[in-house]
Amino acid sequence: MSDQAEPDEAAQPQVPVVEASGITKSFGATVALRDARISVAPGESHALVGRNGAGKSTLVSLLTGMQQPDTGTLTFSGEPAPAFGNTEAWRSKVACVYQRSTVIAELTVAENLFLNRQSERSLRPIRWKALRSRAAALLAEYSVDVDPSVRIADLTVEQRQFVEIARALSFGARFIILDEPTAKLDARGIERLFAKLRHLQAQGVAFLFISHHLQEVYDLCTRVTVYRDARHILTASVADLGHDALVEAMTGESVGGPVLAKATSAAPESTDVSGRSPESVLELDGLTLPGRYEEVTLAVRRGEVVGLAGATASGNVQVGETVAGLHRTRIGRLAVTGRELRTGDIPAALTAGVGFVPEDRHLQGLVVGRSVAENATLTVTDQLGPYGTVLPSRTRVFAQRMIDDLDIKTPDAATPVGALSGGNQQKVVVARALATEPQLLVAIRPTNGVDIKSKEFLLGRFRQHAESGRAALIVSDELDDLRSCDRVVAMFHGRVVGEFAAGWTDEQLVAAMEGMGATHEDTTEQTHETNDPHDTYSHTHDAKERSRDGGHD
Amino acid sequence: NRGDSVSGSAAAGKPAIGIDMPRADSDFWNSYAQYVKTDITADGLNTLPVSNSENDITKLVANVQVFENTGAKAVVIAPQDTGAIVSTLNQLAAKNIPVVSVDTRPDAGKVYMVVRADNRAYGTKACQYLGKALNGKGSVAVLEGDLTSINGRDRSEAFASCMQQQFPGVTVYPLATNWDPAVGSSKLQTLLAQHPNLSGVYMEASIYLQPTLSLLQSKGLLKPLGTPGHIAIISNDGVPQEYDAIRKGEIDATISQPADLYAKYALFYAEAAVEGKTFKPGPTDHGSTIIQLPNGLEDQLPAPLVTKANVDDKSLWGNNISG
Amino acid sequence: MAATTDTGVATTAPAAEPVAPRRRGFDLARYRDLSLVPVLLVLGVIGFIASPAFLTTANLLGVAQQSTELSLLVLGEALILIVGRMDLSLESTIGVAPVIAIWLVLPTSGGRFQGLGLLPTWTAIPVCLLVGALIGALNGFLILKLRLNGFIVTLGGLTMLRGLQVAISQGQSIVEIPNSFLYLGETSWLGAPAAVWICLVLFILGGAALAWLRHGRALYAIGGNAEAARTAGIRVDRITWVVLIIGSVLAAFAGILYTGHYGSISADQGSGWIFQVFAATVIGGVSLNGGRGTIFGALTGVLTLQLVVNVMTLAGVPPLWNQFLNGAIIIVALIISRFASGEQE
Amino acid sequence: MAATTDTGVATTAPAAEPVAPRRRGFDLARYRDLSLVPVLLVLGVIGFIASPAFLTTANLLGVAQQSTELSLLVLGEALILIVGRMDLSLESTIGVAPVIAIWLVLPTSGGRFQGLGLLPTWTAIPVCLLVGALIGALNGFLILKLRLNGFIVTLGGLTMLRGLQVAISQGQSIVEIPNSFLYLGETSWLGAPAAVWICLVLFILGGAALAWLRHGRALYAIGGNAEAARTAGIRVDRITWVVLIIGSVLAAFAGILYTGHYGSISADQGSGWIFQVFAATVIGGVSLNGGRGTIFGALTGVLTLQLVVNVMTLAGVPPLWNQFLNGAIIIVALIISRFASGEQE
Ligand SMILES: Nc1ncnc2c1ncn2[C@@H]1O[C@H](COP(=O)(O)OP(=O)(O)OP(=O)(O)O)[C@@H](O)[C@H]1O
Ligand SMILES: Nc1ncnc2c1ncn2[C@@H]1O[C@H](COP(=O)(O)OP(=O)(O)OP(=O)(O)O)[C@@H](O)[C@H]1O
Ligand SMILES: [Mg+2]
Ligand SMILES: [Mg+2]
């Protein structure tokens, strides 16, 4: 990618592929964009960053013709934008991977890939066989191994995301928008995506790339635009803008010291790796959920934040969910604060002192139509009044306490939770989990889609929870999340493959998560750069790239 | 294999008759069904299994088609939709299967015999009774049936035109109810709030009886016949409950729609048709008149007005029904 | 339905700015339950113009009494809709539950309708409610355990139960009604029919439970997002099942009031009511998708429908135009309430 | 409605392992449309045992012809459900569209029913279809532009249109039917009624459009996820509107066939059919939530319902138990098809 032409100076007279200026967009009383602008030159990889709710996705919906700006002008390669509603014309100007899933679960992979262009003309019958083979060819470019005739509903989240990506990139557009495309991918997936993007870059395709992982911005993009509070803050060359300066532009506060909380290496008893003291808040002994994970043995002690690392399909998420009561296991033992816990019974887990932050807040976490107060107190309705009543006054007070405690930005406790920004919605889910003052907090990918500041805050909050004499289990594949843990247990293909005390290096952990750690596990993956699986140097190199924005400091 | 059942082996040799019930959820039609059942046994008729078209003309047509295909030599139906049966009648005529139509007169299409009482006569009789009882003054509510039902419409129209011509001093308040007693009761209640001195009610079917009595009772308006403030009520159908009410003086009269005769003569004409008998217009041996229709004959059975005077008459079907 | 975009202004905009306007939008939403109130006022004015009898106690109490049976069905359906389900069979339960109860308690001879005489007469009301509970439990089993589609199961149930009623009652209306039924249907307390008081109490209880009881609030969570409710430790299936049972018990109780009120049970009692029930519930602001609406809103829906009939009768609308106007008014009411609340659906 | 356990499985299962079992599940799902076929077979066997008349051409053709009108409504409703909407007013459109057409073309004097004589008689069929289109367009306007709740709008529409029909026809049946209607309802082509052929062709066209045309596939996309369909460049509102119009036109056409078939229009033509329509569509595998189901499945639903009536008549079910059995069979069919397809809903 280094040999790619720098469009900046040389292409001064070039017309930008997209130019928007003076864009204002409000939803009712909420102003999502205020006099914002952006300009992307041909062949340029342009990053757009900002905190949750800064207006990035709104800009995307305006640039792709899904919504109409209130004011402002929009041109594509110097021509005015197509009429609103003429979606096909928009499709020819710009392709997009939206932040929200836009595949249709009941339709097959092949059909999703070629939705609305299954046949050349609308009255020509679709040739399904040809369509399937075209789909197979397209997927092969991303080394996604799925049968094109399978329904999307049967795919994993990551496979779905690749279908979305493949679809957007297959339009042959000269300008492509990617709104947080990496949020649902694991390290290897990101690598494959980036390889593909670089390939397209080399062919002169322009990108608008949105991510909360700043390292990705540094890896992929040449220019960056920062939005804050619905406004355009700056546009600069990535090379000229250091990490701290970038974060400062995003947050409006100056940055001092490391951005993310790290485990203090002096964490209490954290070196006593083997001991299973009576102080164990959680004990798993040979727990097995057939087909998902096997013989998982693990202990979390009081005062500890333990990470459970693992890539997609490693089973780490299922282990977390089992502790929270979502799955029933028949083999092995699960005990919380020394008492055995019946699996597959969420209320029992709750009573035993497990708090739970589920993986997908939209699906499992929030009742979107209800208020912040109601959502935040959903787990503690038994504490809000006598005789099974829920007193509105107590609910309000309780919710206000959670709002203050977690610094949730909301007009008031009675606001519907759907009206909050992504980061704040996530905080509400965390509030719901912490409301019971659980002995053990199980948080699955708790910082998914959350901006850098909120991430820092949430991780800090988990540590605080542990330090108040309880414990937390963080199930994640993000190094940032794991770095804040006292101890990290790594899983691969359903088994525990290693345990790392604080002070591990990214390379070690990533290797373990990929099944190349200290343990045997024969990994048959095809990494292009890695010819020799024992070449530690190239591993380290990969891991650096994979480790997201935390790897730079 | 059971194509034909109801009757015993004695009937096995006779040609089969197909019978369809228009519905199973009304008092009148259930009495009819019972009479049909007992008459079949009594007369030793051979019938196909009795079907039920649940007040749906398309089901009726489907059932008749089954009769056709299972070898019916005559068909007895009670089409509540007199238009939509026409094409079926034509089809049956083409196959020389005679049809007896009970209760309604098909708009067109050949019928062997229509067995019914004249529904316009019900309305007129009710009007004349009420007009006299009220001395040609006052106001009456009509709990109308469904506007889409021919019988209901006949009753309403005859009642209204009779009042207009013979008793212009009586104000008529028509209340559409879709044959729903709850709707009837609620509209009557509203009307009573508006016109507390309502002097008469004509109920086009017996289904309104209990709801109306309950309503008047709760309003303190249920005064026995002959006491001041009595609201003159005339009902329609002639089910036993109405006779009880007449005896108690709660209502004045009812019109006996002869379920027993409907059943008896439906089967009688069906059998006659199978045997190839023919009839002519004119008076019959059972106190009725056969009239000529464009598309067949109609035996107009008597529908007597029942008042306190003749309520205990043993020949009224409502006095003979089980229980 | 959510857009591809996000609500971050709240996160980062200066706190003071968005709060004031948003409160307005939110307040409107909070009073969505009241969106039929303007419609009711309009109807009141029309009624007043149409006839001086409209504003009399007798007329208004009459409307209230006529609303009782429907309103109980609406109460049950509203609860079921809020928890995210549907029950069409309520319209048959209102008829079949009393018929079964009466069949079990009536003596084997004597009356025109012969019962089984299995139970003493005083048990009529408890047995009727029990039958309702059984129907609800059966629906719950088919929907929650066999995971059949609720709409179609209860549609089948509607037909089947109505057929059962026809079969048991032999299609006749039953006039031998136990005194306990008649008492509830006919007595007045403090100048108003007992049934009106009972309904009022049940609505208040229902409304209070939804507003202030833990398990009541759970209905909204389940209807809003059953999966999220489950991960929050709410026993989703159990509560849904209980709500289905409560709905059927309320329908059975409506059947008791109906039977007492009209002094008889006809074989098609309640037939066709389910449309009215849905119309009332949905124009009253309860969402068909679950998780939204209130008992009070549903009550305004019932009153709207009943007032329409009342006003049309008072105004002497010709019978031929009755039904047309009825439908037209439902649509107009929907439009008014849509614009009054400023929200969709 | 997926349980949490399932979600997890799909998200994270090792790629290689689940492929085999998953493929099986998928194949079953592909044949979900066929899930009523066992039910039809069972009914066939029962019919055969019940009466030798069952398997005669006359009987089976009779069933086919009786299915035509309902099947057209089902075709329309299936399309509307697949695109994620609902239309209850179809049951009134089947009556009101022909009535309006006949009213416009019949002379002002002569027959029992007086029309306006505004248009020549040959326009009856096109006018009828046009009325259907207008009704669909109006529904579309209220649902898509005013964003009113579709269920309740079309419920209001159902009442209003039925009322309109009663008002126009004065509640009477109309027997003065244009010959074009009669022709379609009565002719036979190649030994089978014309209506059967026409329906067959329409079903094949509909099925083919849904299977092989881009715009047909768009229905599934919209019903599955309207927002996602929009991002793929599908004109969601326009297509939905067109589908609503097509549904109403099909209902109007069903009205033509009905009128021709039965030789008259009664004021309650089609009354109560919407339950049947939903029952047939949903047991035929079309999802009420949109995006799932096929035309062929819907057709098996219609045939199931009609065969049930046919077999019950042939078997001589006592009239009093008719309705009960009808409902019970719907539920049993649902259970059989649920377990035959191995899927929920
Ligand atoms: N009707 C609406 N009213 C108010 N806010 C809305 C509405 N629709 C969408 N939003 C906002 O848009 C966002 C929808 O977003 P989305 O799920 O993309 O955000 P997110 O929470 O960041 O998602 P992700 O978890 O995928 O990152 C919500 O956060 C919400 O604030
Ligand atoms: N459909 C909508 N209705 C109301 N408000 C909306 C809607 N969509 C977005 N918003 C508002 O617009 C603001 C900007 O949201 P946007 O989704 O653009 O943020 P974002 O920068 O993409 O955030 P994130 O990083 O969480 O994805 C949010 O405050 C949200 O409240
Ligand atoms: Mg966004
Ligand atoms: Mg986000």
Side-chain angles (χ1 to χ4, degrees), chain B residues 21 23-34 52 54-55 141-142 144 146-148 153 156 173-196 205-215 217-219 239-241 244-245 321-323, chain C residues 51-54 56-63 65-67 69-70 109-114 162-163 165-167 169-173 175 177 182 185-188 193 258 260-273 306 309-314 316-320 322-323:
Chain B
M21 294 295 153
R23 56 194 307 165
D25 58 357
S26 97
D27 287 315
F28 177 79
W29 286 110
N30 267 289
S31 305
Y32 169 76
Q34 283 180 23
N52 172 5
E54 296 180 33
N55 204 23
V142 186
E144 293 185 342
D146 197 323
L147 291 162
T148 65
R153 223 169 41 233
S156 307
Y173 298 112
L175 302 174
T177 71
N178 292 335
W179 294 125
D180 183 340
V183 173
S185 170
S186 103
K187 289 195 172 174
L188 187 59
Q189 189 169 11
T190 305
L191 196 73
L192 280 170
Q194 197 175 14
H195 304 285
S206 54
I207 50 173
Y208 307 109
L209 179 69
Q210 291 302 335
T212 302
L213 294 181
S214 298
L215 174 64
Q217 172 105 55
S218 68
K219 297 244 155 228
V239 298
Q241 290 90 331
D244 294 345
I321 201 163
S322 58
Chain C
S51 163
F54 177 75
T56 57
T57 326
N59 185 53
L60 295 180
L61 271 186
V63 173
Q65 179 167 22
Q66 289 145 24
S67 309
E69 295 96 17
L70 183 62
S109 64
R112 206 158 270 128
F113 175 77
Q114 259 106 55
R162 170 81 53 211
Q165 181 184 357
V166 168
S169 67
Q170 311 270 306
Q172 302 165 33
S173 17
V175 290
I177 306 298
L182 292 177
E186 293 179 348
T187 325
S188 278
Y258 184 108
H261 182 182
Y262 297 115
S264 70
I265 315 182
S266 62
D268 62 350
Q269 173 164 326
S271 168
W273 278 29
Q306 293 289 344
V309 174
N310 186 255
V311 169
M312 286 202 308
T313 309
L314 286 175
V317 169
L320 278 176
N322 234 308
Q323 205 175 355

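Each chain gets a letter, A, B and so on, in the order its sequence line appears, and its residues count up from 1.
C:S173 places none of its side-chain heavy atoms less than 4.5 Å from the side chain of B:Q210. Under the 4.5 Å side-chain criterion, counting only non-hydrogen atoms from C-beta, B:S185 is in contact with C:Y262. Contact check for B:V239 versus C:Q172: no side-chain heavy atoms found under the 4.5 Å cut-off.
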C:N322 and B:K187: CA distance, side-chain angles, deciding distance, side chain to side chain contact (heavy atoms under 4.5 Å, CB included) verdict
CA-CA 12 Å; C:N322 234 308; B:K187 289 195 172 174; 3.5 Å; yes
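In this structure, chain C has no heavy atom under 4.5 Å from any part of B:L192. Residue contact with chain B, scored on non-hydrogen atoms closer than 4.5 Å, involves the side chain of C:Q65 exclusively. Only the side chain of C:Y258 comes within contact range of chain B, judged by heavy atoms closer than 4.5 Å. Looking at B:E144, the atoms closer than 4.5 Å to chain C (heavy atoms on both sides) all sit in the side chain, from C-beta outward. Contacts of B:N52 with chain C are absent, with no heavy-atom separation under 4.5 Å from either backbone or side chain. Residue B:P196 does not touch chain C at all, counting heavy-atom pairs closer than 4.5 Å.
Across C:Q306, C:Q170, C:M312, the residue that shares the most heavy-atom pairs under 4.5 angstrom with chain B is C:Q170. Interface remark: of the candidates C:V166, C:N310, C:L320, C:T56, C:N310 forms the most heavy-atom pairs closer than 4.5 Å to chain B. When C:P193, C:G263, C:G163 are compared by the number of non-hydrogen pairs under 4.5 Å with chain B, C:G263 comes out ahead. Note on C:D268, C:V175, C:L182: by heavy-atom pairs under 4.5 Å with chain B, the leading option is C:V175. With chain C as the partner, the residue from B:P211, B:S206, B:A193 showing the most heavy-atom pairs under 4.5 Å is B:P211.
For the 3.5 Å distance criterion, the side chains of C:E186 and B:Q217 fail to qualify, holding no donor opposite an acceptor.
Atom OG in C:S266 sits 7.5 Å away from atom CG in B:D180 (nearest 0.5 Å). Atoms OG and CD1, from C:S264 and B:I207 in turn, are 9.5 Å apart once rounded to the nearest 0.5 Å.
Among C:V63, C:V309, C:T313, the single residue meeting the side-chain contact (heavy atoms from CB on, under 4.5 Å) criterion with B:T190 is C:T313.
Of the possible donor and acceptor atoms, none in the side chain of B:Q194 sits under 3.5 Å from a partner among the backbone N and O of C:A53.
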